[in-house]
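Below: the structure, in structure tokens.
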Amino acid sequence: MIKIRNEKEADYQRVEEITRKAFYNLYIPGCAEHYLVHVMRQHEDFIPELDFVMELDGQIIGNIMYTKAKLMDEAGLEKEILTFGPVCVDPAYQRMGYGKQLMEYSFTQAATLGYDVIVIFGSPVNYVSRGFKSCKKYNVCLENGKYPAAMMVKELVSGVLDGRKWFYYDSPVMAISEEAAQQYDDTLEKMEKKHRPSQEEFYIMSQSFVEEGSH
């Protein structure tokens with residue numbers, strides 16, 4: 001029996017545990033995502049209405065959280081948009097379609113709240129099937145004008161980005177201190193840091209950019 005609902009305070013510890021298990025050694029030896037979850041909930045850009053947990057037979061097996069972000073066009077016009085993350089499913093339940101279900105549910109809720117664009121960073125293989133496309137296709141770039149291969153965009157309302165150039169700005173909450181994250185991790189049950197091939201894949205992807213002029 002699957003149920004998706006808003007996160008409650010009583011769920012915080014379980015959600016952080018799942019996040020830590022799902023991300024540990026995935027992108028780097030160790031991880032900081034559980035610390036981000038820990039501090040994100042108190043930030044002004046956090047959106048509680050889009051903070052969801054997924055339960056299977058009454059047990060939390062996944063979660064997704066959203067924060068506000070913004071786009072700015074070349075004339076300085078700002079547009080409030082969304083980014084999500086971390087999104088995760090307990091490793092014991094991965095590759096079973098639960099993450100897809102959770103994301104799709106959250107997209108519907110985000111649209112209901114009036115949001116029309118989501119920008120995320122991640123491995124495209126996980127998100128293109130959910131309707132995300134290369135940021136270059138929507139002319140959405142970083143402040144420095146670059147188009148990261150790992151930056152993807154989804155329009156919740158088709159055509160809303162209208163082709164003009166947009167610069168993407170994350171919420172300040174995303175810029176967490178590695179030192180603070182490590183200190184927080186040290187207070188938790190010890191997990192072994194390891195090197196994995198997925199870390200090299202992530203490094204290559206995170207350092208790759210789509211060239212100007214290519215679509």
Query raised in the report: Hey, is CD on Glu178 packed in by over 12 heavy atoms from elsewhere, all under 6.0 Å?
Result: no

Query raised in the report: When you look at CD of Gln207, are more than 12 heavy atoms from neighbouring residues, nucleotides or ligands closer to it than 6.0 Å?
Result: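 Check passes, neighbour count above 12.
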
Supply the atom-to-atom distance [X] [atom1] to [Y] [atom2], rounded to the nearest 0.5 angstrom.
X	Y	atom1	atom2	result
Glu74	Trp166	CD	CH2	10.5 Å
Met65	Cys88	CE	SG	9.5 Å
Asn139	Arg164	CG	CZ	11.0 Å
Ile18	Asp90	CD1	CG	5.5 Å
Asn25	Met191	CG	CE	7.0 Å

If you measure from the Lys or Arg side-chain nitrogens to the Asp or Glu carboxylate oxygens, is any gap between [X] and [Y] under 4.0 Å?
X	Y	value
Glu33	Arg20	no
Lys79	Asp73	no
Lys70	Asp170	no
Asp57	Lys3	no

Query raised in the report: Parallel, tilted or perpendicular for Tyr127 and Phe84, by the 30°/60° rule?
Result: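 Tilted.
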
Report task. Could you check whether the rings of Tyr98 and Tyr93 sit parallel, tilted or perpendicular, using 30° and 60° as the cut-offs? Result -> perpendicular

Query raised in the report: How about Tyr184 and Tyr35: are their ring centroids closer than 6.0 Å?
Result: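 Yes, the ring centres sit under 6.0 Å apart.
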
Assess the side chains of [X] and [Y]: does a donor N or O sit below 3.5 Å from an acceptor N or O?
X	Y	result
Glu16	His34	no
Tyr138	Asp162	no
Ser134	Tyr147	no

ILVMFWY network linking [X] to [Y], side-chain heavy atoms under 4.5 angstrom:
X	Y	result
Met96	Ile64	yes
Phe107	Val128	no
Met151	Phe132	no

Under 3.5 Å, which donor-acceptor pairs link side chains of residues 44-55 to any protein atom two or more places apart or in another chain?
residue	atom	partner	partner atom	Å
Asp45	OD2	Ser171	OG	2.7
Glu55	OE2	Arg5	NE	3.1
Glu55	OE2	Arg5	NH2	2.9

Query raised in the report: Applying side chain to side chain donor-acceptor pair (under 3.5 Å), which residue pairs with at least one partner in residues 189-199 are found, sequence neighbours left out?
Result: Gln182-Lys193

Query raised in the report: Do the side chain of Thr83 and the main chain of Val119 share a donor and acceptor less than 3.5 angstrom apart?
Result: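 Confirmed, Thr83 side chain pairs with Val119 backbone.
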
Query - Closest heavy-atom pair and its distance - Cys31, Phe23 - result: CB-O, 3.5 Å

Query raised in the report: Could Arg41 and Tyr12 be counted as a cation-pi pair, given that NZ or CZ must be under 6.0 Å from the ring centre and within 45° of the axis?
Result: yes

